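Since we're looking at a predicted model, the values are computed, not measured. Naming: A, B, ... by sequence-line order, numbering from 1 per chain.
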Amino acid sequence: AQKVTQAQTEISVVEKEDVTLDCVYETRDTTYYLFWYKQPPSGELVFLIRRNSFDEQNEISGRYSWNFQKSTSSFNFTITASQVVDSAVYFCALIRQGGSEKLVFGKGTKLTVNP
Amino acid sequence: NAGVMQNPRHLVRRRGQEARLRCSPMKGHSHVYWYRQLPEEGLKFMVYLQKENIIDESGMPKERFSAEFPKEGPSILRIQQVVRGDSAAYFCASSLGQRNTIYFGEGSWLTVV
């Protein structure tokens with residue numbers, strides 16, 4: 001069975017602070033994909049990143065960076081110099097390769113960035 | 001570059017009525033998925049479809065819920081005889097195929113009164 005755990009339910013920071021959102025996953029598959037999605041207050045789900053299990057290189061996109069560590073089954077997300085517009089619920093998700101394309105989501109972390 | 005289009009964005013139904021949610025995938029995408037977001041349960045997979053085929057409906061409630069993705073036209077999620085517990089956000093997503101990125105629409109918020 002697959003499982004994604006986002007232990008931080010809510011995080012509150014002040015603008016310009018760095019913040020890391022944790023994601024720990026469980027799977028028996030050797031090949032899988034990990035995702036992060038953002039859900040702003042307006043409600044839509046915005047794709048942020050997809051990473052396959054064979055690629056442990058960290059990724060940086062502007063103020064966003066992701067740290068994938070297979071040894072600890074973690075795929076953490078860091079926002080540098082946070083801004084008010086980063087306020088949203090962030091979801092980590094896992095999908096196995098092959099078979100049905102079924103995303104398993106964590107429960108999400110609600111990030112509030114205060115001015 | 002239109003994304004995944006869902007409509008209606010908000011829908012109010014009385015108990016016992018039918019709800020129909022529509023989803024047009026991104027251009028070129030032939031794989032469609034429906035997810036439901038309930039306040040205490042988070043986002044849960046419902047069904048995975050390709051054109052004219054249901055690939056995996058393991059997340060669909062056994063009764064009252066159905067989904068289709070016809071050869072022409074949008075995918076439809078149909079909920080018959082709605083009950084209050086069906087109140088939720090329903091998200092459609094699409095992808096080019098397996099092992100590709102899955103993009104979500106803006107969601108359809110169903111309220112059953």
Grouping I, L, V, M, F, W and Y whenever their side-chain heavy atoms are under 4.5 Å apart, do A/L34 and A/I79 come out in a common cluster? yes
Using non-hydrogen atoms only, which part of B/Q37 is less than 4.5 Å away from chain A: side chain, backbone, both, or neither? side chain
Within a strict 4.5 Å, meaning less than it, do heavy atoms of the B/F104 and A/L103 side chains meet? yes
Step through the shown structure and confirm whether more than 12 heavy atoms of other residues, nucleotides or ligands are within 6.0 Å of CD on A/E59. yes
Above 12 or not: heavy atoms from other molecules or residues under 6.0 Å from NZ of A/K70? yes
Side chain, backbone, both or neither of A/S42 within contact of chain B (heavy atoms, under 4.5 Å): backbone
Distance check, rounded to the nearest 0.5 Å: B/I102 atom CD1 versus A/L45 atom CG? 11.5 Å
Where A/Q39 and B/F91 come nearest, the two heavy atoms and their spacing: NE2-CZ, 3.4 Å
Nearest heavy-atom approach of B/T101 to A/F35 is CA-CE2, 4.2 Å
How long is the gap from CD on A/E44 to CZ on B/R9, to the nearest 0.5 Å? 6.0 Å
Counting only heavy atoms not in B/M60 (residues, nucleotides, ligands), do more than 12 fall under 6.0 Å from its CE? yes
What closest approach, in Å, do B/D56 and A/K102 show between heavy atoms, and which atom pair accounts for it? OD2-CE, 3.2 Å
Is atom NZ of A/K16 surrounded by more than 12 heavy atoms (other residues, nucleotides or ligands) closer than 6.0 Å? no
hydrophobic_cluster_shared for B/Y48 and A/F105, side chain cutoff 4.5 Å: yes
